[in-house]
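Everything numeric here is computed off the predicted structure, so don't read it as measured data.
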Amino acid sequence: MTGTFLVSKDAYCEATATGSLNLQVTVIDSDASITSLSAEGLQVSAFDNEYVSGNNSRFEELEPLAFFIAPVKITLPLSTTLRLSLPVSTTNRENPVISVSELNSQAMETTEKHLGILYYNMGASGTGSDGFLVISPSAEGSGIIRVSDMATSTWTDIAYTVTESGTGVNIFKDNDIFTWYSKAGMELDPNTDASGAWTFQKDVMHWGPNTTGSVVPYLGDLSRANQKGLSFSFTTLAEKINLYFNGTVTVSSDFPATPLPPIPPPAARVRAALPPSSWAPTLSTRPTPSR
C-alpha cells in the first residue's frame, strides 16, 4: 500500500522538543464493520476476523527537513566567480539558517582550501527559495562543498573540481549544472546514455569550421550534438553569457518568458537546440556576475 500525505507546516507540533510532525496511520479493511466515528469524524473499524489487530496502526514522528535543489558535481576554472543557483525549502515554520563549508574529497574538514570565496546568499526573497552560492576558486584541486540548514540539521554535498585558469564554465558531461536532452525532449544521462545522440570528446586539439586552425577547446573538451534537434539547458544568474559553438542554435529562456529567435554564432543564452549532425558545438559559457 502506497500513498502521499500533503501536510501544511502548521501541522508540525511546536510543543515537542524538536517540532516534529506526529502522524498516526491506520489501515481499515473495507470488508470490516464500521463501529464508530472518531472525534475528527474518521471511520473506526472493528477489524473483524483478525487474529492481531494491533499492527493496523503505525505512529511516526517526522522531524523538520530542508530540501536543496543542487547539482551533484560541478567543474569550474580558476579566475572565474560563479553564482550557482541553489534554492532551498524547509518544512520548518522558520526560514532556513544556511551554513557553507569546504571539505576534502573524503568529506572531512581540511586546511587545504581551493575556494577563496564561498558563501550562500538567501536571494531577494530572504527565504532561500531563490538562494545561490557564490564561489571563487583560489587553487586547482577538488573537494566537497557542504551546504547545511542549521535549523533542521539537513545538508547536501556538492563535489567540485577546480581546473586550470580560464574564463567561464566548461559545458561538458562532468558538470551537473547542465542537463542534456534527446531530440524528443527526454532527459539523458550523459554518462550512461548509449544512443550516441551526444558524444563528449577529450583531448581535442583543433576545433571550429577550419579543422587545421589553432583553436583548442577549453581543457580539450568537446560536447558534440550528433542529431538535429538535440538540446541542453542550465540555470544561470549571470547577466551576460557568451556561448561558443559551430553551426546555428535556437535559444529560449524563461527570463524573459518569451522565446528568442534563432541566432548565429558566437552569442546565445540559456537553452540551445543544436542542429545538425555535421556540426559539433563546443560550449563554453563566460558569465559576468553582477553581485
Side-chain angles (χ1 to χ4, degrees), residues 4-25 58-76 78 80-162 169 175-179 234-238 287 289-291:
T4 301
F5 290 95
L6 298 179
V7 181
S8 70
K9 292 183 179 181
D10 293 338
Y12 283 78
C13 182
E14 292 184 334
T16 62
T18 59
S20 60
L21 172 64
N22 305 316
L23 291 178
Q24 180 172 329
V25 180
R58 181 167 181 175
F59 182 81
E60 288 288 343
E61 295 183 18
L62 304 179
E63 304 301 332
L65 295 173
F67 300 91
F68 304 89
I69 301 177
V72 175
K73 60 182 183 298
I74 59 173
T75 301
L76 62 161
L78 283 170
T80 292
T81 298
L82 174 67
R83 292 192 301 164
L84 177 66
S85 176
L86 204 160
V88 58
S89 59
T90 177
T91 59
N92 204 347
R93 297 189 187 188
E94 305 297 329
N95 290 334
V97 179
I98 301 301
S99 172
V100 183
S101 57
E102 179 182 355
L103 308 175
N104 63 20
S105 297
Q106 288 74 44
M108 304 292 290
E109 293 186 2
T110 178
T111 58
E112 184 181 0
K113 305 292 185 179
H114 304 102
L115 306 177
I117 296 175
L118 177 64
Y119 66 89
Y120 186 81
N121 188 303
M122 294 291 285
S125 68
T127 65
S129 61
D130 55 349
F132 56 91
L133 278 177
V134 179
I135 311 169
S136 183
S138 58
E140 293 184 34
S142 60
I144 290 174
I145 298 170
R146 175 161 293 177
V147 185
S148 306
D149 174 26
M150 307 302 291
T152 60
S153 300
T154 312
W155 69 85
T156 187
D157 287 343
I158 305 171
Y160 75 84
T161 300
V162 178
V169 176
N175 203 336
D176 283 350
I177 294 175
F178 303 97
T179 304
F234 58 97
T235 299
T236 179
L237 298 171
S290 62
R291 292 182 290 276

| message | Ignoring hydrogens, what is the shortest heavy-atom contact between Pro71 and Ile177? Give both atom names and the distance. | response | CB-N, 4.3 Å
| Any chance CD of Glu94 has more than 12 other-residue heavy atoms, nucleotides or ligands included, within less than 6.0 Å? | no
| Where do Leu78 and Glu140 come nearest, in terms of heavy atoms and distance? | CD1-CG, 3.8 Å
| Nearest non-hydrogen partners of Thr110 and Leu103, listed with the distance | CG2-C, 3.9 Å
| task | Could you tell me whether the side chain of Ile74 reaches within less than 4.5 Å of the side chain of Ile135, counting heavy atoms only? | result | yes
| task | Enter the distance from Thr235:OG1 to Arg83:CZ here, rounded to the nearest 0.5 Å. | result | 13.0 Å
| Side chain of Thr75, backbone of Thr161: donor and acceptor closer than 3.5 Å? | no
| query | Is the side chain of Asp130 donor-acceptor paired with the backbone N or O of Ala124 at a distance under 3.5 Å, no angle test? | reply | yes
| request: Would you please test Tyr160 and Leu115 for side chain to side chain contact (heavy atoms under 4.5 Å, CB included) and show each step? | output: CA-CA 10 Å; Tyr160 75 84; Leu115 306 177; 4.1 Å; yes
| note | All heavy atoms of Val147 vs all of Phe68, minimum pair found to be O-CZ, 3.8 Å
| Taking only residues two or more places apart in sequence, or in another chain, which ones meet Lys73 in a salt bridge (charged side-chain N to carboxylate O under 4.0 Å, His left out)? | Asp176
| task | Write down the atom of Ser148, the atom of Trp155, and the distance for their closest heavy-atom approach. | result | OG-CB, 3.4 Å
| Should Thr91 and Leu21 be marked as a side chain to side chain contact (heavy atoms under 4.5 Å, CB included) after you check the CA-CA gap, both sets of side-chain angles, and the distance that decides it? | CA-CA 9 Å; Thr91 59; Leu21 172 64; over 6 Å; no
| said: Set out, in order, the CA-CA distance, both residues' side-chain angles and the distance that settles side chain to side chain contact (heavy atoms under 4.5 Å, CB included) for Leu133 and Ile158, then state yes or no. | reply: CA-CA 11 Å; Leu133 278 177; Ile158 305 171; 4.1 Å; yes
| field | Heavy-atom donor-acceptor pair, Arg93 side chain to Asp10 backbone, under 3.5 Å | value | yes
| said: side chain to side chain contact (heavy atoms under 4.5 Å, CB included) for Ile117 and Thr81? Distances and angles first, verdict last. | reply: CA-CA 8 Å; Ile117 296 175; Thr81 298; 5.6 Å; no
| field | Thr90 versus Leu65, closest heavy-atom pair with distance | value | OG1-O, 3.2 Å
| Once you round to the nearest 0.5 Å, how far does CD1 of Ile98 lie from CG of Asn121? | 11.5 Å
| request: Would you give the length of the straight line joining atom OG of Ser101 to atom CD1 of Ile144, rounded to the nearest 0.5 angstrom? | output: 10.0 Å
| Glu112 side-chain N/O to Asn104 backbone N/O, donor-acceptor pair under 3.5 Å | no
| Does any N or O in the side chain of Tyr120 come within less than 3.5 Å of the main-chain N or O of Leu86, such that one atom is a donor and the other an acceptor? | yes
